[in-house]
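As the structure is a prediction and not an experimental result, all values here were calculated from the model. In what follows, chains are A, B, ... by sequence order, proteins preceding strands, each numbered from 1.
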Protein chains: 2
Amino acid sequence: MLKLSRLTDYAVVVLARMGTAPEARQSAPDLAGRTGLAEPTVAKVLKILSGSGLVVGLRGARGGYVLARPLADISLTEVVTAFDGPIALTACVDGATGCCDTGGSCGMRGRWDPVNAAIRNALSGITIADLAAPPPVAFIPEAQIRLAAE
Amino acid sequence: MLKLSRLTDYAVVVLARMGTAPEARQSAPDLAGRTGLAEPTVAKVLKILSGSGLVVGLRGARGGYVLARPLADISLTEVVTAFDGPIALTACVDGATGCCDTGGSCGMRGRWDPVNAAIRNALSGITIADLAAPPPVAFIPEAQIRLAAE
DNA sequence: CCTAAATAGGACCCCTGCCGTCCTCTTTCC
DNA sequence: GGAAAGAGGACGGCAGGGGTCCTATTTAGG
């Protein structure tokens, strides 16, 4: 299904929460409490985010996590890629050997690439800051709408 | 993961094959043979396509399927929607009740909508004909690239 | 009228992959 | 030295997709 994994969803929530105090180091139990998510799950999310370099983990007592970059510099593509792997709608990509066993006469060879690129670009144009912005007077996502207009 | 279901992939292949003889009625076993896919699977795909109105099923002996519209008039969004349901990257959409149990303070409420719209629009701009076109001299998908450029 | 061919529509089981949890090791502050 | 917290991996439960099959209905042809 064309859905992103639940962990990706959690990651955006956690990142958004971290964005409210970009300088402070925040621990996993702390963020769990503030987001209302289960602590082990938040810990797992943060470990993956740390592995992807989107946050920086500080070990030891009084440790925690800090945003590696401001939310406005983190695109949705990066988060999705960290949890769901490279964005590729079908398995028929990057020269997957014997993708569909139709003997090379698939006819679809390489045709999905522009589609993947379109998705990637759409997600690249949206930052976590766009998703996390504290509700201003009224949220009218003109930028995103313009982005969506073919 | 951000992948579409395998049936959707099959559907594109089957539709592309049907596009090579748009007028002729083609049976499920016939299309299975021509695409190299398993016959029951092709039958299932065609039933779903028929239910969505993308192809027209003709019952009885010497029956088969005919494209309801030329491939150039069938967008990827329609095919994806037929198999994967409405395009919604997260469950937090269309007022899903108690989506994340954070007590309404989710802060993400409605924020994914522009993202979903962006994906939908990107896929709407691509037709099955774009994916199925028999390789011309060189396939340079200018249209799609332009579409992807934010 | 009867048979064969083909669609329509479910029902079913298997199996993959996600998800949530937990355990251990390492690091660092007090 | 002890406690707190991240790093890394392992593991079982479970939902959802997928492939298959069965039956009913329709229709062309002999």
For the student: nearest non-hydrogen atoms of [X] and [Y], plus distance:
X       : Y       : answer
B:Ala11 : B:Val79 : CB-CG1, 3.9 Å
B:Ala32 : B:Glu39 : CB-CA, 3.6 Å
B:Gly57 : B:Ser50 : N-OG, 4.0 Å
A:Leu4  : A:Val80 : CD2-CG2, 4.2 Å
B:Thr20 : B:Pro22 : C-CD, 3.7 Å
B:Ser27 : B:Gly63 : CB-O, 4.3 Å

Remember a base hit wins even if backbone is also touched, and classify [X] as base, sugar-phosphate or nothing at under 4.0 Å, heavy atoms.
X       : answer
B:Leu58 : sugar-phosphate
B:Gly64 : sugar-phosphate
B:Ala28 : sugar-phosphate

N or O in side chain of A:Ser50 less than 4.0 angstrom from D:dG6 OP1/OP2: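 No.
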Bending between helix ends of the helix from C:dC1-D:dG30 to C:dC30-D:dG1 [5 pairs per end, 10° resolution]: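 Helix axis angle between the two ends: 10°.
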Protein proximity profile, nucleotides 10-21 of chain D - base contact B, sugar-phosphate-only contact S, no contact -, cut-off 4.0 Å on heavy atoms: --------SBB-
Test side-chain contact (heavy atoms from CB on, under 4.5 Å) applied to A:Thr127 and A:Asp73, step by step: CA-CA 7 Å; A:Thr127 73; A:Asp73 291 345; over 6 Å; no
Verdict with supporting geometry, A:Leu7 and A:Asp84, side-chain contact (heavy atoms from CB on, under 4.5 Å): CA-CA 9 Å; A:Leu7 288 183; A:Asp84 295 327; over 6 Å; no
B:Ile48 side chain near B:Phe83 side chain, heavy-atom distance below 4.5 Å: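 The answer is yes; the side chains approach within 4.5 Å.
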Sub-4.5 Å side-chain heavy-atom contact between A:Val12 and B:Trp112: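 When only atoms from C-beta onward are counted, B:Trp112 and A:Val12 do touch, with a gap below 4.5 Å.
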Nucleotide D:dA3, atom C1' - distance to CZ of A:Arg59 in whole Å: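 From A:Arg59 CZ to D:dA3 C1': 15 Å.
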Verdict with supporting geometry, A:Asp9 and B:Leu89, side-chain contact (heavy atoms from CB on, under 4.5 Å): CA-CA 9 Å; A:Asp9 199 352; B:Leu89 294 189; over 6 Å; no
Terminal contacting nucleotides, 5' and 3', DNA chain C versus chain A (heavy atom, 4.0 Å):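 The contact span of chain A on DNA chain C goes from C:dC19 to C:dC29.
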